[in-house]
Amino acid sequence: MRKKIIAANWKMYMTVTETENFYRAFAAEIPQNNRFEILIAPPATALAKLSELNARASQRIRLAAQNMFYEESGAYTGEISPTMLRELFVRYVILGHSERRQIFGESDALVARKVRAALHYKLRPILCVGETREQREAGKEKEILERQLRVALQGVESSSLESIVVAYEPIWAIGAERSAVPEQTQQLHAFIRCVLTYLSNAAVAEKIPIQYGGSVNTGNVAEFLSQPDIDGALIGRASLEARKFADIIKAANKLS
Ligand code: PGA
């Protein structure tokens, strides 16, 4: 059975005080029968507070970072290292989010270095891949996904590949009015699993959770998660309010 993961990507929202208020309201709403691994990726400034609150609440969630650099320390102004994240009990790190790629110019090669560093320091990378609207309209989505996965995961041993999570986030569906269509998304998740099989083997590819991200909300989460190759969700806007995010988790847990 693959791990099912519901993750909050708070992007550049939420101060430390807002994080504290969120956590208190949210922790009380997590259903008793919850079957999902719940991740929160706050801004770096709120990681320490979230880590402390979570330790007091018997680790009800897992911490994720939104980015990191690949070196352990050094003259890299503005960057955060894998060991700094480990010190705060961070378990996952989002890498290659389309906003990092598009706004901050991160290349597939840079993402690849970060993936290898995360694995080396025992952080689980959430590798984001996805095509732009133009690429989709030109029918190039599979080509793009294949390249992003191949470059980011090249040279990673099969035994380490088991620790990664892939997040398929079509860029045109992020922060959009409408999400992608679940059935079409399933086909691309199945394709991603084929690429992962090619990069390792079927047994490893079967174990890798593939999340969907892009305008997931309470109303559509169940439809996405009922697809055979959609193993979770990476959620932006709808994760910023404790009640809304908790409602998504409740809706997901209603699935048999
Ligand atoms: P959204 O963002 O849920 O606001 O579309 C998703 C993401 O960028 O991870």
Side-chain angles (χ1 to χ4, degrees), residues 4-14 18-19 22 26 36-44 46-47 50 61-68 90-106 111 114-115 118 123-133 135-136 141 144-145 148-149 152 164-182 184-185 188-189 192 209-225 227 230-252:
K4 305 270 181 193
I5 303 170
I6 298 186
N9 172 14
W10 283 354
K11 309 191 180 190
M12 201 175 71
Y13 295 101
M14 304 292 252
E18 286 165 345
T19 300
F22 178 104
F26 177 71
F36 291 81
E37 180 140 286
I38 303 170
L39 265 56
I40 297 182
L47 275 172
L50 198 54
I61 60 156
R62 297 258 182 268
L63 256 64
Q66 296 179 16
N67 183 29
M68 63 161 221
V90 171
R91 303 277 190 94
Y92 290 81
V93 56
I94 299 173
L95 294 175
H97 190 281
S98 59
E99 286 149 17
R100 300 287 331 160
R101 293 177 191 260
Q102 293 193 319
I103 305 169
F104 302 98
E106 291 197 8
V111 175
K114 292 184 176 191
V115 167
L123 286 159
R124 295 188 67 180
I126 300 178
L127 170 64
C128 298
V129 294
E131 79 285 357
T132 63
R133 182 176 298 283
Q135 289 162 341
R136 176 72 162 227
E141 63 276 18
I144 299 295
L145 293 175
Q148 289 176 338
L149 290 164
I164 72 151
V165 175
V166 173
Y168 170 55
E169 296 206 313
I171 298 170
W172 47 271
I174 295 176
E177 267 173 38
R178 283 216 210 138
S179 63
V181 177
Q184 287 172 6
T185 308
L188 290 166
H189 279 235
I192 289 170
I210 308 176
Q211 298 178 292
Y212 166 76
S215 303
V216 174
N217 56 40
T218 326
N220 62 22
V221 68
E223 220 183 321
F224 279 109
L225 295 180
Q227 306 295 327
I230 301 186
D231 308 309
L234 180 55
I235 304 166
R237 279 161 304 164
S239 72
L240 292 170
E241 281 172 41
R243 170 63 64 84
K244 261 196 199 165
F245 190 46
D247 282 348
I248 290 178
I249 287 159
K250 286 176 192 164

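Numbering of ligands and ligand atoms starts at 1, following listing order.
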Open item on the list: Once you restrict to heavy atoms under 4.0 Å, what part of N9 touches ligand 1? Side chain, backbone, both or neither.
Closed with: side chain
- [ ] Could you please spell out the steps behind the side chain to side chain contact (heavy atoms under 4.5 Å, CB included) verdict for F104 and E99?
- [x] CA-CA 7 Å; F104 302 98; E99 286 149 17; 5.6 Å; no
Check each atom of ligand 1 against the heavy atoms of [X] and keep those under 4.0 Å away; list them by number with element.
X	value
I174	2 (O), 5 (O), 8 (O)
G214	5 (O)
K11	2 (O), 7 (C), 8 (O)

Task: Nearest neighbour in protein (non-hydrogen) for atom 3 (O) of ligand 1 - done: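 Result: G236 N, 2.8 Å.
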Task: For atom 7 (C) of ligand 1, the protein heavy atom that lies nearest, with its residue and separation - done: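 For atom 7 (C) of ligand 1, the nearest protein heavy atom is E169 OE2, 3.2 Å.
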Task: Geometric N/O contact A238 with ligand 1, under 3.5 angstrom - done: no
Open item on the list: Looking only at distances, can you tell me whether any N or O atom of G175, backbone or side chain, sits closer than 3.5 Å to an N or O atom of ligand 1?
Closed with: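 Looking only at distances, the answer is yes, because the N/O contact criterion of under 3.5 Å is met.
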Open item on the list: If I take atom CG from residue N67 and atom NZ from residue K114, how far apart are they, to the nearest 0.5 angstrom?
Closed with: 3.5 Å
Task: F245 side chain reached by I6 side chain, heavy atoms, under 4.5 Å - done: yes
Open item on the list: Is any side-chain heavy atom of P43 closer than 4.5 Å to one of Q66?
Closed with: yes
- [ ] Using distance alone, with no hydrogens and no angle criterion, decide if E169 and H97 have a side-chain donor and acceptor under 3.5 Å apart.
- [x] yes
Open item on the list: Test side chain to side chain contact (heavy atoms under 4.5 Å, CB included) on R136 and I144; report intermediate values, then the result.
Closed with: CA-CA 9 Å; R136 176 72 162 227; I144 299 295; over 6 Å; no
